[in-house]
Amino acid sequence: MEQKNELIKKPTTFYGINLSFLKRHGELIAALISGILILIGYVINHMSTQTPWYIFLFAYLIGGFAKAKEGIEETLKEKTLNVELLMIFAALGAAFIHHWFEGAMLIFIFALSGALETYSTEKSSKALSSLMKLQPETATRLDHGLVATVPVNELNLGDLIQIKPSERVPADGVIVKGETTIDASSMTGESIPILKKVNDEVMAGTVNLEGHLIVKVTKRSQDSMFSRILHLVQSAQNEKVPAQAFIEKFENLYVSFVLLFVALMLILPPFLFGWTWSHTIYRSMVLLVVASPCALVASTTPAILSAIANGARNGILIKGGIHLQQLASIQAIAFDKTGTLTTGLPKVTQFVNVSPITNDDLLGHVAAIESHTTHPLGLAIVDYAKEHIKTIPNPDQVKIVPGYGVYGQIDQCDYKIGKANPEFIDEVSLHLFLKEVHIKENQSLVFIERNGEVIGCIGLNDEVRETSKEAITSLRQYGIKSVMLTGDNEKVAKTIMEETGVDSMIADCLPDQKATAIKQIKKEYGSVAMIGDGINDTPALATADLGIGMGAGTDAALETADIILMKNDLMKIIDTVKLSKKMNRIIKQNIAFSLMVILVLVVSNFIEVLNLPLGVVGHEGSTILVILNGLRLLKNS
């Protein structure tokens with residue numbers, strides 16, 4: 001059977017050519033080949049008296065095939081004209097009056113623009129596949145004492161599933177046996193792992209860090225929080241932004257107007273002005289060439305490419321010009337907390353020691369025991385110890401107690417290190433310790449018990465990024481409001497709000513609630529962007545008018561985002577806003593200039609003061625000027 005499957009697989013190469021590469025990059029390759037042919041034809045044309053029309057013809061066929069096919073198919077399907085057809089007509093019109101070079105250039109610019117648009121669409125479609133990879137495909141089901149591995153979509157309500165340490169939870173459910181710590185940061189944004197006991201709920205997509213669990217399934221695969229995230233992302237991506245709908249409407253009107261104008265030009269002048277038919281055809285073809293939106297296309301594409309290149313050079317990945325263009329009109333930005341405004345990693349913020357041994361010795365003992373765990377809090381404590389002491393000793397014994405903490409022996413002393421659970425840390429000793437010391441608020445606390453007595457504690461917190469406050473302040477200068485969305489509780493959220501200076505906040509947000517919150521912010525402010533880094537942020541990233549991802553975020557968030565801050569520097573969003581406003585300004589200049597040139601050329605042709613060479617110079621000259629204006633965006637301002 002396996003051999004049969006191998007035989008029917010589609011070939012990936014053809015005479016050494018990678019077919020998948022051609023399928024992915026074929027449109028761009030065709031545009032570049034067309035450009036090379038145009039360059040060759042241009043050189044030959046200036047070295048001889050004859051126009052190498054056959055070379056330009058190949059440029060037509062290679063560069064224009066994809067767009068011509070797309071234009072024809074769209075016309076047949078939608079029953080409306082489009083810019084693709086107008087480009088083809090204009091290029092054919094140029095060839096008809098023996099101006100092959102101008103027609104080929106028109107094809108090349110439009111083909112290049114189309115290839116870039118295709119790339120942007122493909123990037124967007126990858127978001128869902130990245131999300132799917134994060135949900136387990138199978139689950140370990142317990143059925144009357146038997147253990148079986150089954151597809152997740154075959155799980156039924158009430159099924160018992162087994163989840164081992166380090167495994168992702170395959171389905172929403174309730175713990176019926178076992179205790180553990182769950183890393184839910186990808187789903188809720190909670191930066192600190194959460195203790196889960198019997199009767200506590202667990203969500204699909206979260207990670208079981210320590211204990212062995214038996215979970216009863218409470219939701220089918222298609223009804224889980226994870227599936228709801230997928231649905232929200234897909235729905236939001238299928239919605240067209242208002243700007244996109246406006247452009248499509250404008251294209252149809254422009255094409256219809258130009259073609260109608262050319263048709264009238266082909267018929268009426270002999271009767272109205274007494275032109276000969278040959279002169280009428282000549283003037284009509286000149287009209288088709290000068291009215292073709294070559295300069296209009298060049299008004300945006302070079303500017304967008306230059307802006308994208310500028311951003312990439314400065315650590316800002318922009319997936320398409322439309323996204324950068326939208327940023328200039330953003331009225332508010334919603335920030336995820338964990339991993340965006342904060343680093344997303346717990347760090348030690350307080351170390352308390354009331355024992356007779358020195359701080360260095362106690363910290364060394366704690367780090368020695370925690371170095372044998374994989375818990376994020378334990379790893380943070382070890383990192384802190386490495387910064388403050390020279391060596392970490394070896395413990396005599398270490399035992400991880402899932403859901404509670406870790407037990408260890410060192411220097412003939414018994415240590416328990418964990419959270420304030422009376423089943424693990426002595427309750428009376430803990431009470432006396434808390435009366436004796438001052439503990440900072442809004443921290444995750446890890447207590448240290450030695451030989452039955454609580455002698456210290458370590459406070460940890462998610463650290464605010466150094467650039468967060470500066471970025472929020474700078475956005476306010478541009479009139480952009482800031483809102484923090486977080487899965488953390490309101491007390492923690494208020495602390496972060498005070499530290500960063502965000503204008504408002506919404507706490508206790510689950511993934512679908514973040515998407516709902518984005519819709520509410522849209523109603524209040526208008527155009528809204530979202531900045532996030534986790535799976536839990538993907539619905540909000542997709543729902544917002546503009547999604548911005550942090551470079552160190554999950555693959556799902558990076559695929560869903562329209563713009564990525566590769567260096568995790570929030571100040572880069574300010575640079576992006578500046579770049580967006582400058583790009584929009586240049587595009588508006590280019591469009592106004594190109595439309596004015598087209599109008600002047602059309603009127604000049606109609607009153608017969610424009611001959612073909614001047615028309616070509618005016619048309620191509622305006623194209624070159626708008627391209628050069630767009631290339632100014634390559635420079636850092």
Side-chain angles (χ1 to χ4, degrees), residues 179-182 190-200 209-211 346-373 375-389 392-463 488-492 494-495:
E179 293 184 356
T180 189
T181 306
I182 292 288
E190 183 75 44
S191 56
I192 306 299
I194 308 164
L195 175 64
K196 293 288 185 179
K197 301 179 181 180
V198 173
N199 295 327
D200 285 344
L209 293 178
E210 299 166 339
K347 283 204 170 186
V348 174
T349 52
Q350 186 178 17
F351 175 53
V352 178
N353 174 21
V354 297
S355 73
I357 65 174
T358 66
N359 286 349
D360 286 357
D361 286 343
L362 180 60
L363 186 59
H365 291 177
V366 172
I369 296 168
E370 289 286 7
S371 64
H372 290 263
T373 74
H375 196 286
L377 296 183
L379 296 176
I381 291 170
V382 173
D383 288 340
Y384 178 78
K386 288 178 179 178
E387 293 175 3
H388 291 81
I389 59 177
I392 296 176
N394 291 318
D396 300 320
Q397 183 182 346
V398 173
K399 181 182 177 182
I400 297 171
V401 186
Y404 294 96
V406 59
Y407 164 84
Q409 282 186 346
I410 191 168
D411 288 349
Q412 298 181 342
C413 292
D414 294 331
Y415 281 93
K416 287 181 181 179
I417 305 167
K419 292 196 173 183
N421 192 312
E423 296 180 20
F424 187 64
I425 299 293
D426 184 80
E427 192 171 8
V428 175
S429 180
L430 177 62
H431 179 69
L432 292 173
F433 172 79
L434 291 175
K435 286 181 66 177
E436 184 180 348
V437 301
H438 172 71
I439 305 294
K440 295 178 183 177
E441 294 184 352
N442 302 323
Q443 296 182 106
S444 292
L445 297 176
V446 175
F447 292 95
I448 306 163
E449 180 186 300
R450 188 182 68 168
N451 296 332
E453 180 184 359
V454 178
I455 60 168
C457 76
I458 297 175
L460 300 99
N461 214 337
D462 189 7
E463 195 174 44
D488 272 332
N489 61 65
E490 190 169 349
K491 193 174 183 180
V492 172
K494 280 186 177 179
T495 301

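- Note: T349 OG1 to D462 CG = 10.5 Å, rounded to the nearest 0.5 Å.
- Remark: the backbone N or O of H375 is not paired with any side-chain donor or acceptor of E210 at under 3.5 angstrom.
- Taking every heavy atom of both residues into account, L362 and S355 meet most closely at CD2-OG, 4.2 Å.
- In terms of heavy-atom proximity, P346 sits nearest to A380 at O-CB, 3.2 Å.
- With sequence neighbours excluded, no residue forms a side-chain hydrogen bond (donor to acceptor under 3.5 Å, both in side chains) with D200.
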All N/O donor-acceptor pairs, side-chain side in residues 447-454, below 3.5 Å, sequence neighbours left out:
from : atom 1 : to   : atom 2 : distance (Å)
E449 : OE1    : D426 : N      : 2.8
N451 : OD1    : D414 : N      : 3.0

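- For the pair D411/H365, a side-chain contact is recorded, criterion being any heavy-atom separation below 4.5 Å from C-beta on.
- Listed by chain and residue number, Y384 satisfy the ring pair (Phe, Tyr, Trp, His ring centres under 6.0 Å) test with H388 (two or more places apart in sequence, or in another chain).
- Going from atom CG of N461 over to atom NZ of K347 covers 12.0 Å, rounded to the nearest 0.5 Å.
- Atom CD of E427 sits in a sparse spot, with 12 or fewer heavy atoms from other residues, nucleotides or ligands closer than 6.0 Å.
- The shortest distance between side-chain heavy atoms of E436 and V354 falls below 4.5 Å.
- Taking CD1 of I369 as the reference point, atom NZ of K416 lies at 12.5 Å (rounded to 0.5 Å).
- In this structure, OG in S429 is found 9.5 Å from CG in L434, a value given to the nearest 0.5 Å.
- Panel note: side chain N421, backbone E423; a donor-acceptor pair is recorded below 3.5 Å.
- Contact detail for I410 and A368: the closest heavy-atom pair is CD1-CB, 3.9 Å.
- Nearest heavy-atom pair across A367 and A385 is CB-CB, 3.4 Å.
- Here the shortest heavy-atom pairing between Q350 and H438 reads NE2-O, 3.1 Å.
- Judged by distance alone, the side chain of N353 and the main-chain N or O of I357 form a donor-acceptor pair under 3.5 Å.
- To the nearest 0.5 Å, the span separating CG on L363 from OG1 on T358 amounts to 9.5 Å.
- Considering every non-hydrogen atom in both A420 and L430, the closest pair reads CB-CD2, 3.5 Å.
- In this structure, the side chains of L209 and P376 come closer than 4.5 Å at one or more pairs of heavy atoms.
- A distance of 9.5 Å separates CZ of F351 from CD1 of I381, quoted to the nearest 0.5 Å.
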